[in-house]
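On a predicted model such as this, the values are computed, not experimentally measured, just so you know. Chain A is the first sequence line, chain B the second, and so forth, proteins listed ahead of strands; every chain is numbered from 1. Values below: all heavy atoms of this structure, side chains included; hydrogens, waters and symmetry mates excluded.
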Protein chains: 2
Amino acid sequence: MLSKKTQYAFHALIHLAENVDKGPILISEIAQEKNISIKFLENILLELKNAGILGSKKGKGGGYYLMRPPKEIALAKIIRLLDGPIALLPCVSLNYYERCENCRDEATCGLNEVMGKVRDSTLKILENKSLKDILTR
Amino acid sequence: MLSKKTQYAFHALIHLAENVDKGPILISEIAQEKNISIKFLENILLELKNAGILGSKKGKGGGYYLMRPPKEIALAKIIRLLDGPIALLPCVSLNYYERCENCRDEATCGLNEVMGKVRDSTLKILENKSLKDILTR
DNA sequence: ATAAATCCTATAAAAAAGATAGACTAATTT
DNA sequence: AAATTAGTCTATCTTTTTTATAGGATTTAT
């Protein structure tokens with residue numbers, strides 16, 4: 001399961017995407033609208049900003065905004081940033097690979113093979129679906 | 001990511017499946033073979049037993065064994081038993097559903113829709129692949 | 001009886017997740 | 001220039017989950 005952090009990030013990004021025309025959006029507005037602890041959300045938005053996904057403006061009229069059009073922000077990127085690996089096992093992770101310590105040889109391990117397929121089918125969706133694809137219909 | 005518990009369970013089940021002809025297998029043998037803490041593994045095997053996946057025999061000549069042929073044990077079942085939900089969000093989980101508290105309406109939530117697709121593609125593999133499919137090639 | 005093995009429950013230690021606090025910086029308004 | 005607004009940064013705290021261990025109870029074979 002995705003952590004609350006990642007779930008909140010998605011909902012916040014959705015709100016930002018649905019209000020791109022309104023300039024910078026307040027943290028407090030997102031928190032209220034999406035029912036998220038404001039202080040926790042603060043940290044999340046900051047992390048998204050430091051990763052280049054969001055921009056911000058201080059002072060009156062300030063807030064957060066998307067740095068790119070929603071269509072260009074892949075869901076996989078958000079998950080990896082806040083939650084880490086998408087794969088079910090370290091030994092099949094593309095971005096956070098770790099050797100398996102319980103099997104003799106990954107090349108002949110059937111678990112490795114199947115979990116690799118799960119990873120592929122998941123990534124096929126998450127790499128190709130963007131923020132634009134998860135907006136309210 | 002799958003928890004260590006679930007990862008260990010898979011490796012233990014693989015060992016049991018690869019030695020079905022040898023009668024009951026000792027916890028200690030599995031632990032040594034797969035490099036798993038024996039006491040931790042004990043708990044895991046017990047849980048698999050209580051779920052009806054494994055059988056056991058006490059005393060000399062005892063140990064654990066599979067209750068069904070490897071082909072009939074779906075990977076999804078093991079994961080759900082030890083790790084809980086397979087879905088990435090509670091609101092798209094078939095077995096552990098919980099209402100989303102951050103969106104207005106799941107029926108129009110785009111995140112819900114996409115994550116439902118991820119769940120489907122993952123389950124298509126994990127429900128149809130069995131213990132037999134993850135044995136060493 | 002004895003030894004071998006699982007059964008069971010409790011607890012502890014470590015790590016991760018979730019949440020909060022408060023002082024600081026920057027931009028805007030008056 | 002002062003006051004206000006809003007994000008920045010870092011630290012800490014609490015709770016939950018994960019991982020692991022301990023030890024006595026029970027069952028079975030010899």
Side-chain angles (χ1 to χ4, degrees), chain A residues 1-12 16 22-32 34-67 79 81-85 88 90 96 98 101-102, chain B residues 1-9 11-12 16 22-32 34-67 79 81-85 88-90 96 98 101-102:
Chain A
M1 298 260 285
L2 299 178
S3 65
K4 284 281 181 190
K5 202 169 165 184
T6 300
Q7 294 180 41
Y8 292 162
F10 276 128
H11 287 289
L16 289 174
K22 293 185 189 140
I25 306 289
L26 295 180
I27 301 178
S28 56
E29 178 185 321
I30 304 173
Q32 185 167 19
K34 296 294 187 171
N35 199 28
I36 303 170
S37 148
I38 185 166
K39 269 302 197 177
F40 195 21
L41 182 58
E42 214 178 278
N43 295 326
I44 296 167
L45 296 181
L46 193 55
E47 215 168 326
L48 289 168
K49 186 206 159 170
N50 291 335
I53 292 161
L54 297 181
S56 69
K57 202 187 156 197
K58 288 183 179 178
K60 186 153 193 183
Y64 279 98
Y65 50 88
L66 298 173
M67 288 294 277
I79 295 176
L81 176 66
L82 298 170
D83 252 26
L88 292 180
Y96 300 84
E98 281 176 50
E101 288 165 348
N102 308 111
Chain B
M1 297 257 289
L2 299 179
S3 66
K4 284 282 182 190
K5 202 168 165 185
T6 300
Q7 294 180 41
Y8 292 161
H11 287 289
L16 289 173
K22 293 186 189 140
I25 306 289
L26 295 181
I27 300 178
S28 57
E29 178 186 320
I30 304 173
Q32 184 167 20
K34 296 294 188 172
N35 198 29
I36 303 170
S37 149
I38 184 167
K39 270 302 198 176
F40 194 21
L41 182 59
E42 210 178 283
N43 295 326
I44 296 167
L45 296 182
L46 193 54
E47 215 167 328
L48 289 169
K49 186 208 157 167
N50 291 334
I53 293 161
L54 296 182
S56 68
K57 202 186 156 196
K58 288 182 177 177
K60 185 154 194 184
Y64 279 98
Y65 50 89
L66 298 174
M67 287 294 276
I79 295 177
L81 176 67
L82 299 171
D83 252 27
L88 292 180
L89 294 180
Y96 300 84
E98 280 176 50
E101 287 165 352
N102 308 113

State whether the distance check finds a donor on one side and an acceptor on the other, under 3.5 Å, for side chain A:N43 versus base C:dT20.
yes
Give the nucleotide from the list C:dG22, D:dT28, D:dG23 with an atom nearest to the side chain of B:K58.
D:dT28
Could you tell me how far apart A:L26 (CG) and C:dA27 (P) are, to the nearest whole angstrom?
17 Å
Does a sphere of radius 6.0 Å around CE in B:M1 hold more than 12 heavy atoms from other residues, nucleotides or ligands, not counting ones at 6.0 Å or beyond?
yes
When rounded to whole Å, the CD1 to P distance for the pair A:I30 and D:dA6 reads 13 Å
Do you know which two heavy atoms are closest between A:M67 and A:G55, and how far apart they sit?
CG-N, 3.4 Å
Roughly how many Å is it from CG in A:L46 to P in C:dG22, rounded to a whole number?
19 Å
How would you label the contact of A:L45 with the nucleic acid (heavy atoms, under 4.0 Å): base, sugar-phosphate, or nothing?
nothing
With a 3.5 Å cut-off and just heavy-atom distances, do the side chain of B:K60 and the base of D:dT28 make a donor-acceptor pair?
no
Could you say whether B:K5 or A:I27 is positioned toward the 5' end of DNA chain D, judged by the nucleotide with the nearest heavy atom to each?
A:I27
Would you mind telling me which of D:dA22, D:dT19, C:dG18 lies closest to the side-chain atoms of B:K39?
D:dA22
Grab the CE-C1' distance between B:M1 and C:dA15 for me, whole Å please.
14 Å
Do the side chains of A:F10 and B:L89 get nearer than 4.5 Å, heavy atoms only?
no
Determine: side-chain N/O of A:K4 to OP1/OP2 of C:dA19, distance under 4.0 Å, yes or no.
no
Within the pair B:Y8 and D:dT19, is there a side-chain N or O less than 4.0 Å away from OP1 or OP2?
no
Could you tell me how far apart B:L41 (CG) and D:dT21 (C1') are, to the nearest whole angstrom?
14 Å
Can you tell me whether the side chain of A:E42 and the base of D:dC9 have a donor-acceptor pair closer than 3.5 Å?
yes
Under 4.0 Å between a side-chain N or O of B:S37 and OP1 or OP2 of D:dT21?
yes
Rounded distance in Å - CD (A:E29) to C1' (D:dG7):
15 Å
When you match A:I38 and A:D83 each to their closest nucleotide on DNA chain C, which lands nearer the 5' end?
A:D83
B:I53 vs B:L81 side-chain heavy atoms within contact, under 4.5 Å
yes
Are the side chains of B:L88 and A:T6 in touch, meaning some heavy atoms are under 4.5 Å apart?
no
Could you tell me whether the phosphate oxygens of D:dA29, OP1 or OP2, come under 4.0 Å of any side-chain nitrogen or oxygen in B:K57?
yes
Check the distance between D:dT18's P and B:I36's CD1 and give it to me in whole angstrom.
18 Å
Which atom pair, heavy atoms only, marks the closest approach of A:L41 to A:A12?
CD1-CB, 4.0 Å
Per nearest nucleotide of DNA chain C, the residue lying toward the 5' end, A:L2 or B:I25, is B:I25
Whole-Å gap separating C1' (C:dT6) and CZ (B:F40)
18 Å
